[in-house]
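These notes concern the structure reproduced below.
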2 protein chains.
Amino acid sequence: MFSQACKYAIRAVLYLAVHASEGKKVGVKDIAAALDVPKYFLAKILQQLSRNNLISSTKGPSGGFFLSEKNREATLKDVVECIDGPDVFNSCILGLPICSSENPCPLHVQAFAYREGLHYQLKHQAIGDLAKRIEREEQKI
Amino acid sequence: MFSQACKYAIRAVLYLAVHASEGKKVGVKDIAAALDVPKYFLAKILQQLSRNNLISSTKGPSGGFFLSEKNREATLKDVVECIDGPDVFNSCILGLPICSSENPCPLHVQAFAYREGLHYQLKHQAIGDLAKRIEREEQKI
DNA sequence: TTAATAAGAGATTTTTTTGTCTTTTATTGT
DNA sequence: ACAATAAAAGACAAAAAAATCTCTTATTAA
Ligand code: FES
Ligand code: FES
C-alpha cells in the first residue's frame, strides 16, 4: 500500500503531532531514534514534507521540526499524497490502467472497500485531532 | 499492497482459469501478450507458481500452462503468499513490528477491517469459482 | 563576531525489484 | 532417430527504492 518512505512520513508527522510544538521543536536525530528509523533517510522525507508546508522547521541551535496550528489542520491524506503521489487511493489493486466500478477487475469490490475506508479516515481526520486520540488511547507510533 | 510480480501472478492465474485447461494449454508468450505484461518476467513467476503446484505445465510441442482441477480448488491467497510471502495479510500498514488489535497503530482499525475483507475473499473463494464469475460478469483481467 | 548547532541540498552508494537473455531439459510429431 | 517446440533454470542488466554521506546555509547563544 504505502512505500517505506510514506510509512516513515506518517509516523514522523504523528510523532511530531504528539511530541512537538512551536515551543518544543524536535530534531531529526531524536525522531529517528524514537521511531527506530534510518536517520538520513528520514531527514530527506522531512525536507520534502517541509517544502510542502505539511510540517514546520527552523534551523540552528534550538531549531528542529514541529507542527504549527495550521499544520495540525492538514490530514494524513495530504502527507501520503505528498510522498507517494496522488494516485495511491484510486489505482487498481491489480495494476490495471483504470480502476472503476463500471469496469471492475475481479478484486475491485473488496479492494475498493478497503481503500475507501482507509481513504475516508485519512481524508476527514485532522492530524491535530488524531494526535489527541493517540495520546488518549496510548497508541503506538 | 501487492508487488508487481504478485499482480502479474494473480492475473496470469485468472487468465489460465478462464482460458486454459488440461486439454487447452497456453504458452507464456500468449499469456504475456494477452495481459500486456513483460514476457520473461512472467515466465519466472509462472515457474515459481508451478514449482509450488499452484499451476500446471508441460514441456514440448503443444505444451504450456494450465490449471488442473486440483489447481482450481486453490485460492488467490495461496497465489499471493507464494509470491509475496506469508505476511502480506497480517503486517502493520505503518510497518510496525507487530499488528494486533491489542497494540494497534493509529490506522489499525480501518486498515485491519478492510484488509480482512480482502483477505476473506481471497481465502474463501476457489480459483475455479472465481473464474466462473469473471466469465459471467465479463470482468477485466 | 564567532563557534556551535541543526536543517537544506546535492551527490553517491546499496539494496531490492523488475525485466532480459541464454542455455538446458523434456516432450512431441514426423 | 530427429527436428521443432516449450518450459526450467541460471546468469545478467536496468531501474527504482531505500539508505548514507558531505557540504552549504541559516540561526542562536556565548
Ligand atoms: S479495478 Fe481493480 S481495484 Fe478497481
Ligand atoms: S497495528 Fe498497524 S495496521 Fe495493525
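In what follows, chains are A, B, ... by sequence order, proteins preceding strands, each numbered from 1. Because the structure is a prediction, the values reported are computed rather than measured.
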For residues B/Ile55 and B/Phe65, report the shortest heavy-atom separation together with the two atoms involved.
CD1-CD2, 3.6 Å
How would nucleotides 21-30 of chain C be written as a contact map, 5' to 3', with B for base contact, S for sugar-phosphate-only contact and - for no contact, using protein heavy atoms under 4.0 Å?
B---BBBB--
Once ring-ring contact (aromatic ring centres under 6.0 Å, His included) is applied, do any residues pair with A/Phe41, and if so which ones, sequence neighbours excluded?
A/Tyr8
Between A/Asn71 and A/Ile127, what is the shortest heavy-atom contact and its length?
O-CD1, 4.3 Å
If you pin B/Ser50 and A/Lys39 to their nearest nucleotides in DNA chain D, which one's is more 5'?
B/Ser50
Closer than 4.0 Å, any side-chain N/O of A/Arg51 to the OP1 or OP2 of C/dA9?
yes
Under a 4.0 Å heavy-atom criterion, DNA chain D is touched by chain B from D/dA4 to D/dA11
Value in whole Å for how far the C1' atom of C/dT18 lies from CD of B/Gln48
14 Å
Answer with base, sugar-phosphate or nothing: what part of the nucleic acid does B/Gln4 contact at a heavy-atom distance below 4.0 Å?
sugar-phosphate
For the residue pair A/Lys25 and A/Glu22, what are the closest heavy atoms and their distance?
CE-O, 3.2 Å
Within residues 8-33 of chain B, find the residues that approach DNA chain D with a heavy atom at under 4.0 Å, and present them sorted by residue number.
B/Val26, B/Gly27, B/Val28
Partners passing ring-ring contact (aromatic ring centres under 6.0 Å, His included) against A/Phe66 (at least two apart in sequence or in another chain)
none
Above 12 or not: heavy atoms from other molecules or residues under 6.0 Å from NZ of A/Lys29?
no
If you round to the nearest 0.5 Å, how far is CD of A/Gln4 from CG of A/Asp84?
10.5 Å
Donor-acceptor side-chain pairing of B/Ser100 and B/Asn103 below 3.5 angstrom:
no
Can you tell me how far NZ of B/Lys7 sits from CG of B/Leu35, rounded to the nearest 0.5 angstrom?
14.0 Å
Would you mind reading off the distance between A/Ile45 atom CD1 and C/dA7 atom P, rounded to a whole angstrom?
15 Å
Angle class for the A/Phe2/A/Phe89 ring planes (parallel below 30°, perpendicular above 60°, tilted otherwise)?
perpendicular
Would you please name every residue forming a ring-ring contact (aromatic ring centres under 6.0 Å, His included) with A/Tyr120, sequence neighbours left out?
A/His124
Take the protein atom CZ of A/Phe65 and the nucleotide atom C1' of C/dA7, then report the distance between them rounded to whole Å.
6 Å
